[in-house]
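Below: one structure, written as structure tokens.
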Number of protein chains: 2
Amino acid sequence: MRSQHEFGTRERIVRTTSRLIQRQGYEATGLKQISQEAEATLGSVYHFFPGGKRELAVEAIGHGEREFTEFLQAAFDREDDPAAAMVACARDLATGLRESDWLDGCPVTTAALESAGRVPEIQQAAESAYENWRALVRAKLARAGFAEDVAHDLAHSVINMLEGAELSAQVSQSTAPLEIAGRHLAVLVNAYRARHQVATSDS
Amino acid sequence: MRSQHEFGTRERIVRTTSRLIQRQGYEATGLKQISQEAEATLGSVYHFFPGGKRELAVEAIGHGEREFTEFLQAAFDREDDPAAAMVACARDLATGLRESDWLDGCPVTTAALESAGRVPEIQQAAESAYENWRALVRAKLARAGFAEDVAHDLAHSVINMLEGAELSAQVSQSTAPLEIAGRHLAVLVNAYRARHQVATSDS
DNA sequence: GACTAAATAGAGCGTTCGTTCTAGGGGGTT
DNA sequence: AACCCCCTAGAACGAACGCTCTATTTAGTC
């Protein structure tokens, strides 16, 4: 956070906006605050983003999408078994949330909800983020031998459960929802695996 | 929505605020808009809610909590089997969402995310809402014979999955996430039932 | 060294925000 | 009729909002 001197002005603005939107949402985040915390001026903001706040927010959501994609990818590369990977995801999500004093939830969700049906560009950026995350999970499950339609449906529920659990963890300031989510996702994944392959140990 | 002449001024203000917060969040909802749509004046708003916008928002979230509690209760009364009740919940949620042109998501979540760590009163109101909803699910599962700790954990994941799926459905303007969530919640619930009771048919 | 385009700088626009304030109506009790 | 009190009414405040505008500085090319 402190001193992002290694980044160019444009990148600094995007990163700052992404973090601010993650913590306080789209509406509560002002361009003045962004320019101050990014150590840029209002002139610079409008130079790089002539479309104003909306264009900047779309870019910031794209940044958040990339961030979480890397997070998922790392967990999937570390754990071979999909069920184990879900548990690891939930655990790491809980750790990150606690270490940020319950401030850094999903970098996309808040803006997505605020803008649903009101700011189409932002809604589309959020939809694209969710779709790409689901595709990542789907690919992981397919690689593990799950049928395509099963993997497609499971990917929806994995992302949705993680999303809901993170929201719940943030609001209740507790890691319990995410830990439970990890366990239950493993049970769910193994339930579908058991139907087509061999039985597995439970969580 | 149109013409709430049967309600008193105070009730009209609370209902309008709840609906506006549900659709566009806490920050984007102004007191002027509230007083206009509630057909009240600013003076009335401050008369009933001297604490201003925050006090009104807390009341509105409480109204949203009661609304969803009644929704859950109705589904639980209609369906005896918990797994079937989850499927019904998800289906009805999807129907309501589509019929509102994907505008009316969870009346609590948006404000909860916007205010997490910044507006304690609102965060607490949201936390209390989630806790009460979980208690309802927990009681339903306990009544169906689930052990207390199992019911406690399942209640978390049921609410979180519905929450995440509704968010996803709203952003992608599709009922698919909620339908999948209903099916998967039934599988999850039955997976735990199978461990302690008898095997059941799948979804 | 002169020319050009990119980037930075910040004053100021009109608007809207949450809030405060004082004044005015509408019934009920005495 | 006089009184009181709950409620309504809306003008006005300072602050903050997104955005526009005109300069000025910086960096690269001939």
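Because the structure is predicted, anything quoted here is derived from the model rather than measured. Letters A, B, ... mirror the listed sequences (proteins, then strands); counts begin at 1. These numbers come from the heavy atoms of this one structure, side chains and all, not from hydrogens, waters or symmetry mates.
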Counting any heavy atom closer than 4.0 Å, what does A/G52 reach on the DNA or RNA strands: base, sugar-phosphate only, or nothing?
sugar-phosphate
Do any side-chain nitrogens or oxygens of B/H47 fall under 4.0 Å of OP1 or OP2 in D/dC7?
yes
Please state how far atom CG in A/L42 lies from atom P in D/dA16, giving the value in whole angstrom units.
15 Å
Would you mind reading off the distance between B/I122 atom CD1 and C/dG18 atom C1', rounded to a whole angstrom?
13 Å
What contact category does A/Y46 fall into here, base, sugar-phosphate, or nothing, at under 4.0 angstrom with non-hydrogen atoms?
base
Using a heavy-atom cut-off of 4.0 Å across all strands, would you classify B/S35 as base, sugar-phosphate, or nothing?
nothing
Starting from P on C/dG18, measure out to CD on B/E55 and report it in whole angstrom.
15 Å
It should be established whether A/T9 places a side-chain nitrogen or oxygen under 4.0 Å from OP1 or OP2 of nucleotide C/dT8.
yes
Looking at the side chain of A/S44, which of D/dT8, C/dT8, C/dT19 is the nearest nucleotide?
C/dT8
Is the backbone N or O of B/G25 less than 3.5 Å from a side-chain atom of B/T29, with the two atoms forming a donor-acceptor pair by type?
yes
Touch class at under 4.0 angstrom, heavy-atom based, for A/G30 against every strand present
sugar-phosphate
Would B/K53 and B/Y26 count as a cation-pi pair here, with the cationic atom under 6.0 angstrom from the ring centre and within 45° of the axis?
yes
Gap between atoms CZ and P, on A/F49 and C/dA7 respectively (whole Å)
12 Å
Side-chain (B/S128) to main-chain (B/Q124) donor-acceptor, under 3.5 angstrom
no
Between A/G43 and A/T29, which is nearer to the 5' end of DNA chain D once each is assigned its nearest nucleotide?
A/T29
Tell me the interatomic distance from A/L31, atom CG, to C/dA9, atom P, rounded to whole angstroms.
17 Å
Are the side chain of A/S115 and the backbone N or O of A/A111 linked by a donor-acceptor pair below 3.5 Å?
yes
By nearest-heavy-atom nucleotide on DNA chain C, the more 5' of A/K32 and A/F48 is A/F48
Gap between atoms CD and P, on B/Q33 and C/dT19 respectively (whole Å):
16 Å
Rounded to whole Å, how long is the line connecting atom CZ of B/R10 with atom P of D/dT8?
12 Å
Could you check how far NZ of B/K53 sits from C1' of D/dA15, rounded to whole Å?
15 Å
Taking the side chain of A/T41 as heavy atoms from C-beta outward, which of C/dT8, C/dG18, D/dT20 is closest to it?
C/dT8
Side chains of B/E55 and B/E121: does their closest heavy-atom pair fall under 4.5 Å?
no
